[in-house]
Amino acid sequence: MDFEESPACKQYFASKIRKAGMKGKAREHQLDFSTRCFTGGHTREIMSLKEEQLQSLAGELTSCRSCPLREDCKAPVGWYGCADSPLVFIGEGPGGVEDDYGCPLIGPSGQLLDKALWSVQITRDRVLTSNIIKCRPRGNRTPTLAEADFCGKIWLERELAILQPKVIVALGTVALHYLGEPSMRITRQRGQWFQTRQGFDCIATYHPSYILRQYGKEQVQAKWQVYHD
Ligand code: URA
């Protein structure tokens, strides 16, 4: 993959645009950026079957108005990465940066996820990242279980049916509750394998935002726990 198309390059430009306050230019970029994100950053002529199916799903997602969350966000945020990857990371839902740029996990949490992946020689374009809910809740609040269930059934289940991942990593409580059971606790069940309703092997770990909220020794300990998970 060219540097031009890498997540690092996109992050670089995103921060440049923000710093320069180039609003019109930013919007132009956002369009280009989200089209690329939906196709996993690829501009190849030949797409795999999964990429084609995902692209058609992305077309439907763009016009989704199935729930009130859509009214408070810029646009639904889909997935990013390699459709043929055996490894899929599922977060909670888009935050402010993701809503602005139309790509999942590119804000502070996503950047920490990148570092965790780099520590085991994986770059983001080799895996697929997505979220349980596709529209940013107003004020960045945590989505309710009902919202997660409603959105997840319409979009995530269809994504996963196309992707057929070998392993799903659930990031944090919302993903664990949706992919596993609402009675599961991230502190107890992290690092343990379970099967999702659709029969995929899944393992949960702390959400990167949880780690970012820790300080000092606690943060170091949480990072090691995620590394071991
Ligand atoms: N951004 C995302 O895309 N997902 C999260 O879970 C958090 C921030």
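Here the structure is a predicted model, which means the values were calculated and not measured. Both ligands and their constituent atoms are indexed starting at 1 by order of listing.
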Item to complete: Check ligand 1 against His207 and write out every atom of the ligand that is under 4.0 Å from a heavy-atom position of the residue.
Response: 5 (C), 6 (O), 7 (C)

Discussion item. Does atom CZ (Arg138) have a neighbourhood of more than 12 heavy atoms from anything else shown, all under 6.0 Å?
Written reply: no

Item to complete: Between Gly93, Ser109, Gly91, flag the one that comes closest to atom 5 (C) of ligand 1 by a heavy atom.
Response: Gly93

Fill in: Shortest protein contact, atom 4 (N) of ligand 1 (heavy atom only)
Asn131 OD1, 2.8 Å

Using a strict cut-off of less than 4.0 Å between a Lys/Arg side-chain nitrogen and an Asp/Glu carboxylate oxygen, indicate whether [X] and [Y] qualify as a salt bridge.
X      : Y      : result
Arg65  : Glu71  : no
Lys134 : Glu98  : no
Asp201 : Lys166 : no

Worksheet item: Is it the case that Asn131 and Glu92 place a side-chain donor and acceptor less than 3.5 Å from each other?
Response: no

Worksheet item: Which is it for Glu92 and ligand 1 at heavy atoms under 4.0 Å: side chain, backbone, both or neither?
Response: both

Worksheet item: Taking N or O atoms only and a 3.5 Å limit, does Leu105 qualify as a polar contact for ligand 1?
Response: yes

